[in-house]
Amino acid sequence: MANTKNKTINILFTAVEADPLIKVGGLGDVAYALPHALRLLPPDQTGGYQLDARLVLPCHAAIREKCKELNPIADFKVPLQDGIVSARAAMTEINGLPVYLISGPLIPMDSPVYSNDHHLDGIKFTFFSLACLELARQLNWRPDILHGNDWHTAIALYTLNERKQTDPFYQRTSSVITIHNLPFMGSGTEEELSMFGVKPSGDNRLPEWARFLPLPMALSAADYIIAVSPSYANELLTPEFGCGLENFLYQRKDRLLGIVNGIDMNIWNPATDSSIPVRYSINNLAQRQQNKAHLLSEVGLEPDLNTPLLIMIGRMDHQKGVDLAIDALKQISDLNWKAILLGKGDPQLEKATQQLETEMPNKVRAATRFDMPLARKMYAGGDMILMPSRYEPCGLAQMIAMRYGCVPIARSTGGLRDTILDIKTNPAQGTGFLFDAISSTELADTIRQAIEAYSNPETWLAIQKRCMAQDFSWHRSAIQYAQIYRKLYEK
Ligand code: GLC
């Protein structure tokens with residue numbers, strides 16, 4: 001395609017968290033890593049295009065504290081139903097990725113990224129979404145693609161479609177939305193949408209209850225809908241995971257696809273990770289045992305290196321199956337293992353993990369907090385990671401764990417199913433242990449199988465090596481996103 005030489009596709013990537021400026025969950029990893037990886041794609045891998053991806057974020061209090069010197073680059077207004085409200089944009093960059101930060105009176109300086117208050121979040125995120133559209137115009141930087149993530153930025157895509165009818169600036173802009181977690185649709189924000197003059201969707205393919213909900217509104221407006229794994233994309237078409245939108249999504253099936261997230265292979269690298277006591281690679285895995293010894297003594301467990309060490313890392317949510325893990329561990333209390341559970345979240349689940357530690361003080365440690373350095377030591381010293389998620393759009397911990405030679409035991413759902421090859425069905429190639437039902441008994445049985453495999457050092461070493469040899473780089477995912485952008489750009 002000679003005529004596409006040196007052409008640039010402008011991508012305005014909108015999200016409400018991005019590592020390292022602010023990270024609450026997996027979205028934060030993606031919102032930095034994906035646009036960053038897009039910028040790095042060489043034109044010979046994108047059909048001749050340079051991808052100018054730029055990220056825009058709300059300037060949360062935590063970001064303001066981190067970035068002491070922020071230079072404002074634009075002051076502008078965002079329209080309300082009755083009136084206007086002011087907005088300011090500043091600019092910074094993360095490793096070459098340009099980042100715009102939006103502030104204004106409707107982005108409060110005393111609240112976390114997500115509050116439990118629908119109204120507060122409704123106002124903040126609708127304001128932010130509309131400000132993203134205004135910002136591009138202020139900069140006279142015309143996006144070819146507006147890329148939204150989850151419900152928080154959905155209204156930008158929805159409003160884009162309305163504006164397109166009359167506004168030449170946006171006439172050529174297409175939109176893509178990534179679904180990281182469908183159940184969070186932005187419910188309870190109708191009043192706030194009205195406050196900004198946003199009207200319900202007229203798309204009668206949407207169920208009536210969904211027509212004034214941000215995420216479904218964007219799912220109707222977007223040119224492409226991306227789920228964060230192919231299996232999750234399929235699951236979204238079923239009543240079990242579709243949250244009542246399965247029929248609607250089925251009608252948009254030709255515009256729905258799944259692209260698995262990646263991990264940053266430099267940030268997550270046991271050969272260079274400065275948080276772990278002993279660095280290692282696939283070629284000197286024996287060193288890894290020292291990390292296990294350090295870890296066990298750090299958390300106050302007997303440093304018995306031949307006992308399998310199970311770990312669990314992440315938000316303590318019902319979604320993640322923390323309750324299933326606790327039950328399963330109780331069922332196999334007669335076996336020889338140790339476990340460390342790290343994460344914050346639902347107070348009841350936090351309490352239940354602490355109780356497990358009280359019941360099994362020689363086996364279990366519960367760290368109910370967010371602790372990145374400990375997480376890294378767990379990836380580097382744990383033998384198996386438990387991920388019994390009820391649903392898992394993509395999941396990042398299993399990929400990080402594999403990179404560190406820690407073998408996943410996971411439920412076969414969403415991204416877990418797409419990134420882990422089951423050892424039971426593929427003994428020679430498998431990279432983990434999968435089970436099907438949402439059941440602590442099945443999980444317990446699967447842990448038993450893993451412990452059995454662990455008892456043969458040669459088998460185990462081979463599994464670990466296969467895990468570590470996987471390519472989870474963002475590069476692969478970015479190429480797939482680039483294909484979608486290109487299709488839209490050339491249409
Ligand atoms: C959400 C999903 C998780 C996914 C992440 C990033 O947190 O629950 O599965 O990995 O988004 O897409």
Side-chain angles (χ1 to χ4, degrees), residues 13-20 22-38 55 57 113-114 147-154 176-186 215 218-219 224-236 240-243 256-264 267-268 312-322 343-346 349 370 375 379 385-403 408 410-420 432 434 438 472-474 476-478 480-481:
F13 198 92
T14 64
V16 299
E17 50 169 301
D19 199 37
I22 180 100
K23 172 176 142 89
V24 183
L27 171 62
D29 295 289
V30 178
Y32 156 67
L34 175 56
H36 181 254
L38 288 167
L55 172 64
L57 291 174
V113 176
Y114 312 106
H147 193 138
N149 289 280
D150 281 351
W151 78 267
H152 328 106
T153 48
V176 174
I177 181 136
T178 298
I179 307 180
H180 300 265
N181 209 332
L182 184 68
F184 298 89
M185 298 190 195
L215 183 58
L219 296 178
Y224 270 97
I225 302 169
I226 315 284
V228 287
S229 66
S231 288
Y232 191 52
N234 288 331
E235 288 169 351
L236 293 178
E240 196 187 345
F241 299 96
C243 304
L256 167 67
L257 71 157
I259 300 177
V260 127
N261 292 329
I263 54 171
D264 187 319
I267 294 179
W268 301 108
M312 190 161 181
I313 300 176
R315 268 184 293 126
M316 290 218 178
D317 269 1
H318 184 69
Q319 176 198 339
K320 301 286 179 186
V322 183
K344 241 170 90 74
D346 183 335
L349 292 174
F370 184 84
Y379 287 123
I385 184 164
L386 301 181
M387 294 189 75
S389 303
R390 289 188 160 76
Y391 70 93
E392 195 61 78
C394 180
L396 300 170
Q398 80 279 18
M399 293 190 268
I400 298 170
M402 282 190 258
R403 175 111 169 110
R411 200 169 95 72
S412 180
T413 182
L416 296 172
R417 184 199 195 106
D418 294 338
T419 53
I420 302 166
L434 294 178
I438 301 181
F472 292 125
S473 67
W474 265 106
R476 290 188 330 165
S477 323
Q480 295 177 62
Y481 273 99

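Whatever order the structure lists ligands and atoms in, that order sets their numbers, starting from 1. The figures that follow rest on heavy atoms only: side chains count, while hydrogens, waters and symmetry mates do not.
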Open item on the list: Can you list every protein residue that has a heavy atom under 4.0 Å from any atom of ligand 1, sorted by chain and residue number?
Closed with: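 Within 4.0 Å of ligand 1, protein side: G26, L27, V30, H180, N181, V228, N261, R315, Q319, E392, P393, C394, G395.
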
Task: Any E392 side-chain heavy atom under 4.5 Å of R411 side chain - done: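 Not in contact.
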
- [ ] Quick one: list whatever passes side-chain hydrogen bond (donor to acceptor under 3.5 Å, both in side chains) with D150, sequence neighbours left out.
- [x]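 For D150, no residue satisfies side-chain hydrogen bond (donor to acceptor under 3.5 Å, both in side chains) once neighbours in sequence are set aside.
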
TODO: Report the residues that fulfil side-chain hydrogen bond (donor to acceptor under 3.5 Å, both in side chains) with N149, sequence neighbours left out, ordered by chain and then residue number.
DONE: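 side-chain hydrogen bond (donor to acceptor under 3.5 Å, both in side chains) check on N149 returns H180.
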
Open item on the list: I'd like to check the salt bridge (Lys or Arg N to Asp or Glu O under 4.0 Å) partners of R417; sequence neighbours left out, ordered by chain and number.
Closed with: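 Result, salt bridge (Lys or Arg N to Asp or Glu O under 4.0 Å) vs R417: none returned.
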
Open item on the list: Would you call the rings of W268 and Y379 parallel, tilted or perpendicular, taking 30° and 60° as the class edges?
Closed with: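 Rings of W268 and Y379: perpendicular, over 60°.
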
Task: Y391 vs E240, side chain to side chain donor-acceptor pair (under 3.5 Å): CA-CA, chis, key distance, verdict - done: CA-CA 10 Å; Y391 70 93; E240 196 187 345; over 6 Å; no

